[in-house]
Number of protein chains: 2
Amino acid sequence: MTSIKELAKKLDIPYHFLAKILQDLVYKGLLTSQKGPTGGFALGMPAKDITLFHIVEAIDGVGFTNRCVLGFPECSGKNPCAVHEQWAGLRDGIYQMLVGRNIAEIAKEMRKPEYRAVAR
Amino acid sequence: MTSIKELAKKLDIPYHFLAKILQDLVYKGLLTSQKGPTGGFALGMPAKDITLFHIVEAIDGVGFTNRCVLGFPECSGKNPCAVHEQWAGLRDGIYQMLVGRNIAEIAKEMRKPEYRAVAR
DNA sequence: ACAATTTCGGACTTTTTTGTCCTATATTAC
DNA sequence: GTAATATAGGACAAAAAAGTCCGAAATTGT
């Protein structure tokens with residue numbers, strides 16, 4: 001459980017700016033929150049269950065999984081655009097990449113000293 | 001050689017809106033233009049030499065080819081992020097997809113009746 | 001040279017996105 | 001129950017992006 005105040009200090013970003021982001025992530029289900037003293041935010045699920053896909057879904061949306069990459073509404077298997085099949089493979093690769101990683105793993109990797117040197 | 005007026009009518013989009021887009025594409029080198037009567041716009045290179053990559057480059061930029069997909073500035077081969085290698089393969093696949101198609105091919109495919117029914 | 005036509009480029013407006021702040025509401029400890 | 005502390009959510013402000021318009025400059029045909 002972490003408060004906005006605490007996190008804002010650690011990340012060195014504006015309090016209200018962070019507040020809005022966290023509230024949004026609560027709304028999206030990625031976090032839970034509790035009001036009052038000793039309150040704050042926590043992960044909505046165990047870290048090992050939160051994948052990159054969950055995060056992309058919450059932040060950018062996952063329209064890429066079913067929309068034609070060239071933007072043609074009429075593109076489909078029956079009526080494919082010029083890169084329909086090729087994109088299908090790549091899109092699936094991206095999907096696998098996103099669902100195959102969870103933030104517990106990533107957090108572990110990020111603790112390496114190289115990252116801490118540059119990252120905030 | 002096509003004028004803004006002519007194209008705006010065919011595409012049924014606002015004249016000034018189209019004008020700005022075309023001017024930008026001239027600036028980016030994808031089109032050439034000529035002023036005065038009989039003037040207008042034409043492709044800056046033969047259609048078979050303009051790839052999807054050229055277009056993506058002009059419209060969205062191609063930062064994806066060398067930026068860490070997770071956004072870590074410190075990510076590199078020596079100090080890879082959690083998906084560095086996996087993304088390298090996918091990114092190359094996307095690159096190949098973009099450079100492997102030119103607009104002459106695509107235009108030909110788009111002439112199929114299925115597309116003309118829905119597309120404008 | 002002149003009139004007509006076309007792109008050019010900047011000014012301006014509108015819309016969308018991003019960021020800030022304030023009050024209300026919930027929760028805790030005493 | 002009260003005081004203190006935390007998030008919730010909407011109002012507001014600022015910034016960025018998208019879209020519109022207009023006068024200037026170039027080119028063409030007569």
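Since the structure is predicted, the reported quantities are computational estimates derived from the model, not experimental observations. Just so you know, these numbers use all the heavy atoms, side chains as well, and skip hydrogens, waters and symmetry mates. Convention: sequence-line order gives letters A, B, ...; per-chain numbering from 1.
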Checklist outcome for this item: To the nearest angstrom, the CD-C1' distance between A/Gln23 and C/dT18 comes to 15 Å
Checklist outcome for this item: To the nearest angstrom, the CG-P distance between B/Asp60 and D/dA18 comes to 10 Å
Checklist outcome for this item: note: B/Ile21, atom CD1; D/dT20, atom C1'; distance rounded to Å ~ 13 Å
Checklist entry - Between atom NZ in A/Lys35 and atom P in C/dT28, what is the gap in whole Å? => result 12 Å
Checklist outcome for this item: From CG of A/Asp24 across to P of C/dT18 the rounded distance in Å is 11 Å
Next on the checklist: So, OP1 or OP2 of D/dT5: does either fall under 4.0 Å of a side-chain N or O from A/Gln34?
Outcome noted: no
Checklist entry - In whole angstroms, how far is the C1' atom of D/dA8 from the CG atom of A/Leu18? => result 14 Å
Item to check | Most 5' of A/Phe17 and B/Phe41 on DNA chain C, judged by nearest nucleotide | outcome: B/Phe41
Checklist outcome for this item: From NE2 of A/His16 across to P of C/dG19 the rounded distance in Å is 14 Å
Checklist entry - Does OH belonging to B/Tyr27 count more than 12 external heavy atoms closer than 6.0 Å? => result no
Next on the checklist: Salt bridge check, B/Lys28 against B/Asp24: does any charged N sit closer than 4.0 Å to a carboxylate O?
Outcome noted: yes
Item to check | Short side-chain to backbone donor-acceptor contact, A/Lys48 and A/Ala104, under 3.5 Å | outcome: no
Item to check | Nearest-angstrom distance from the residue atom CE of B/Met1 to P of D/dT27 | outcome: 12 Å
Checklist entry - Hey, does B/Leu22 reach any base, or is it just sugar-phosphate, or nothing, if we go heavy atoms under 4.0 Å? => result nothing
Checklist outcome for this item: By nearest-nucleotide position on DNA chain D, the 5'-leaning member of A/Ala19 and A/Pro37 is A/Pro37
Item to check | Exam field: side chain A/Asn79 to backbone A/Glu74, donor-acceptor pair closer than 3.5 Å | outcome: yes
Next on the checklist: Judged by each residue's nearest nucleotide on DNA chain C, which is more toward the 5′ side, B/Lys20 or B/Lys5?
Outcome noted: B/Lys5
Checklist entry - Are any non-hydrogen side-chain atoms of B/Leu22 and B/Leu7 less than 4.5 angstrom apart? => result yes
Item to check | Side-chain N or O of B/Ser33 closer than 4.0 Å to phosphate OP1/OP2 of C/dC8 | outcome: yes
Checklist entry - Between B/Tyr27 and C/dT7, is there a side-chain N or O to OP1/OP2 distance below 4.0 Å? => result no
